[in-house]
Amino acid sequence: MLAKQTPLTKQMLSKLLQTSSSKPKQLKKIHALVLTSGLSVKNSLLTHLLENLTLVGDMCYARKVFDEMHKPRVFLWNTLFKGYVKNNLPFESVQLYKKMRDLDTLGIVATELVMMYMKFGELKSAQFLFESMQGKDLVAWNAFIAVCVQTGNSALALECYNKMCADDAVLFDSFTVVSMLSACGQLGSLEIGKEVYDRARREGIDCNIIVENARLDMFLKCGSTEEAMVLFEEMEQRNVVSWSTMIVGYAMNGDSDEALALFNMMQNQGIRPNYVTFLGVLSACSHAGLVDEGKKYFGIMARSSDKSLEPRKEHYACMVDLLGRSGLLEEAYEFIKNMPLEPDAGIWGALLGACAVHGEIKLGQKVADVLVETAPDIGAYQVLLSNIYAAAGKWHCVDKVRSKMRKLGTKKVAAYSSVEFDGQLHYFNRGDKSHPQTKAIYEKLEEVLKKIRSMGYVPQTGSVFHDVETEEKESSLSHHSEKLAIAFGLINGRVEDPIRVMKNLRTCDDCHVFAKFVSRVTSRDIIMRDKNRFHHFRNGVCSCREFW
DNA sequence: CTAGGGTTAG
């Protein structure tokens with residue numbers, strides 16, 4: 001009764017729409033109320049309704065409401081698109097996109113949508129939409145390339161860059177260059193990275209500090225600390241990102257002394273370190289086993305009056321890594337238990353990694369149990385646990401972990417290595433026979449194995465995690481992806497150039513020993529990047545000094 | 001009312 005007599009006001013409707021968020025039926029009722037209220041229906045009033053409908057997933061009704069709107073603004077299109085993304089309806093969104101095609105808001109919304117798909121892990125949808133976009137402008141191309149790199153799809157970014165270069169309608173700019181240098185760093189593609197940069201120079205693109213920082217990072221991620229240092233010294237300006245890039249890069253390349261020296265120089269020059277800088281410093285300590293120094297720097301952060309330098313989860317993970325790697329497993333465990341932040345999978349993962357390095361079964365098991373709860377979908381942790389069991393010869397436990405993984409559908413990431421040659425990346429899996437030079441590669445491998453065996457190389461069968469006979473273990477080991485990659489490098493590269501091998505996972509003991517021997521008998525430098533760090537092999541010695 | 005792209009770390 002009362003409701004009928006009380007005139008419905010905009011404020012009331014707006015309130016109503018804001019508070020009722022989760023019941024589709026209620027939302028439809030309110031919509032009816034809006035339509036019959038006689039109030040002039042403004043888009044702003046319908047915005048909440050649209051948002052709520054997309055939240056509850058009633059996209060059909062959301063579309064109906066949207067179609068009733070008068071000249072919807074960009075953000076309203078966006079709301080609907082976001083709804084489609086969230087409810088995983090790529091085809092509807094493309095349909096909507098086609099409708100939008102005649103309007104001038106086209107590019108902006110579609111670009112944002114493509115990025116959103118990528119960030120949701122919907123690679124196929126993102127590609128589908130991106131390719132359906134007609135007359136893409138520079139920003140659209142750049143956005144796609146950038147988001148590819150950000151989501152770890154650098155190979156796709158490279159592909160896209162080539163397509164963009166082939167398209168006469170767009171020219172690239174410094175944004176493109178930065179993303180591409182970043183992509184080349186990820187891929188370990190030194191030649192292509194240089195090519196991109198040289199082309200930018202030729203075409204008169206303004207190579208500002210961001211471009212140079214990206215190039216610096218590219219050199220370091222490709223293991224070329226020499227070129228990075230030359231560039232760093234030549235740079236007209238250096239900001240905190242330049243310094244941090246150097247510190248992080250040198251730490252990753254195993255030169256902790258240089259990393260810490262850079263940190264001191266930076267402070268002497270009055271550049272304030274930020275939290276990323278400290279991540280580099282801590283990781284430098286970690287890779288060199290400098291426990292006391294690491295604690296010192298962590299203490300500096302914790303005591304700093306600068307709020308932005310308060311240790312974050314990543315710093316705690318670094319400390320766990322530092323303690324654990326140095327064999328202080330119990331201390332690392334206590335450190336986690338006492339930390340003021342909620343430990344995440346990355347922190348527990350660091351401890352599990354350390355348990356694996358030191359063959360610590362009991363603690364490893366405990367940590368793995370925690371990780372099954374917090375990150376059941378990350379196969380790497382289960383693999384670590386199973387490796388710990390395997391190293392101790394507890395094969396029935398290995399089987400248990402494996403069958404559990406099978407039951408949960410947890411996937412292992414397959415190991416692969418790559419080597420760049422002649423501006424082209426060559427990929428190898430374990431036991432790979434797909435490369436056109438397969439025959440020559442395996443012959444080279446045999447030849448080298450024979451030579452280094454006579455010099456005392458013994459396969460480290462301890463790093464085979466299957467319960468098989470020794471002979472089988474050796475043959476399984478000898479075809480690891482990094483060995484194939486090294487053999488490929490021996491055949492193809494110039495003798496004076498190092499062989500740069502990029503591996504997606506941690507390398508094994510045997511491949512590490514193998515690379516040392518090979519660097520000695522062939523007099524070639526081998527630079528190997530694994531998931532954690534670089535190993536620079538020269539004349540039978542590795543830069544890591546056996547601590548990794 | 002605003003609203004698409006870039007560097008270090010994860």
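Below, chains carry the letters A, B, ... as their sequence lines are ordered, and counting in each starts from 1.
- Between the P atom of B:dA9 and the CG atom of A:Leu220 lies a distance of 10 Å, rounded to the nearest Å.
- Closest to the side chain of A:Asn213, out of B:dT8, B:dG4, B:dT7, is B:dT7.
- When heavy atoms are screened at a 4.0 angstrom cut-off, A:Val211 is found touching base atoms of the nucleic acid.
- For A:Val139, taking side-chain heavy atoms from C-beta onward, the closest of the listed nucleotides B:dG10, B:dG6, B:dG4 is B:dG4.
- For A:Ser244, counting side-chain heavy atoms from C-beta on, the closest listed nucleotide (B:dT8, B:dA9, B:dG4) is B:dT8.
- Here B:dG6 presents its P atom at 18 Å from CD1 of A:Ile209, a figure rounded to the nearest Å.
- Residue-level contact check: A:Asp344 touches neither bases nor backbone, having no heavy atom under 4.0 Å from any strand.
- Distance alone, capped at 3.5 Å, places no donor-acceptor pair between the A:Glu122 side chain and the A:Tyr117 backbone.
- For B:dG6, the OP1/OP2 oxygens have a side-chain nitrogen or oxygen of A:Gln150 closer than 4.0 Å.
- Atom CG in A:Leu138 sits roughly 12 Å away from atom C1' in B:dG6 (whole-Å rounding).
- Between the CD1 atom of A:Ile347 and the C1' atom of B:dA9 there is a distance of 14 Å, rounded to whole Å.
- No engagement by A:Phe144 is indicated, since no non-hydrogen atom pair under 4.0 Å with the nucleic acid exists.
- Counting atom types as modelled, A:Asp173 pairs no side-chain N or O with a base atom of B:dG6 as donor and acceptor under 3.5 Å.
- In this structure, A:Lys221 reaches the sugar-phosphate backbone alone: every heavy-atom distance under 4.0 Å involves primed, P, OP1 or OP2 atoms, never a base.
- Across all strands, A:Val241 comes closer than 4.0 Å to base atoms (heavy-atom distances).
- Within the model, atoms CD1 of A:Ile209 and OG of A:Ser242 stand 4.0 Å from one another, a figure rounded to the nearest 0.5 Å.
- In this structure, A:Glu212 atom CD and B:dT8 atom P are separated by 15 Å, rounded to whole Å.
- Between A:Lys119 and B:dG4, a side-chain N or O to OP1/OP2 separation shorter than 4.0 Å is absent.
- Counting non-hydrogen atoms under 4.0 angstrom, A:Ile210 reaches a base of the nucleic acid.
- With A:Phe263 as reference, A:Phe278 is the one residue of A:Phe278, A:Tyr250, A:Trp243 to meet the ring-ring contact (aromatic ring centres under 6.0 Å, His included) rule.
- When heavy atoms are screened at a 4.0 angstrom cut-off, A:Met246 is found touching no nucleic acid atom at all.
- Taking the six-membered ring for Trp and the full ring otherwise, A:Tyr197 and A:Phe219 have centroids separated by 6.0 Å or more.
- A donor-acceptor contact under 3.5 angstrom links the side-chain atoms of A:Ser174 to the base of B:dG6.
- Between the CD atom of A:Glu112 and the C1' atom of B:dT2 there is a distance of 12 Å, given to the nearest Å.
- Ring pair A:Phe534/A:Trp548: centre-to-centre distance not below 6.0 Å.
- Spacing between atom NZ of A:Lys313 and atom P of B:dG10 amounts to 15 Å, rounded to whole angstrom units.
- In the set B:dT8, B:dT7, B:dG10, B:dG10 carries the atom at the smallest distance from any side-chain atom of A:Glu314.
- Across all strands shown, A:Thr245 has heavy atoms under 4.0 Å from sugar-phosphate atoms exclusively, and none from any base.
- If you check every strand for non-hydrogen atoms under 4.0 Å, A:Leu216 touches nothing.
- Listed nucleotides: B:dG4, B:dT8, B:dA9. Nearest to the side chain of A:Ser182: B:dT8.
- Remark: C1' of B:dA9 and CG of A:Asp321 are 14 Å apart, rounded to the nearest angstrom.
- Here CE of A:Met246 is found 13.5 Å from OG1 of A:Thr277. Values are rounded to the nearest 0.5 Å.
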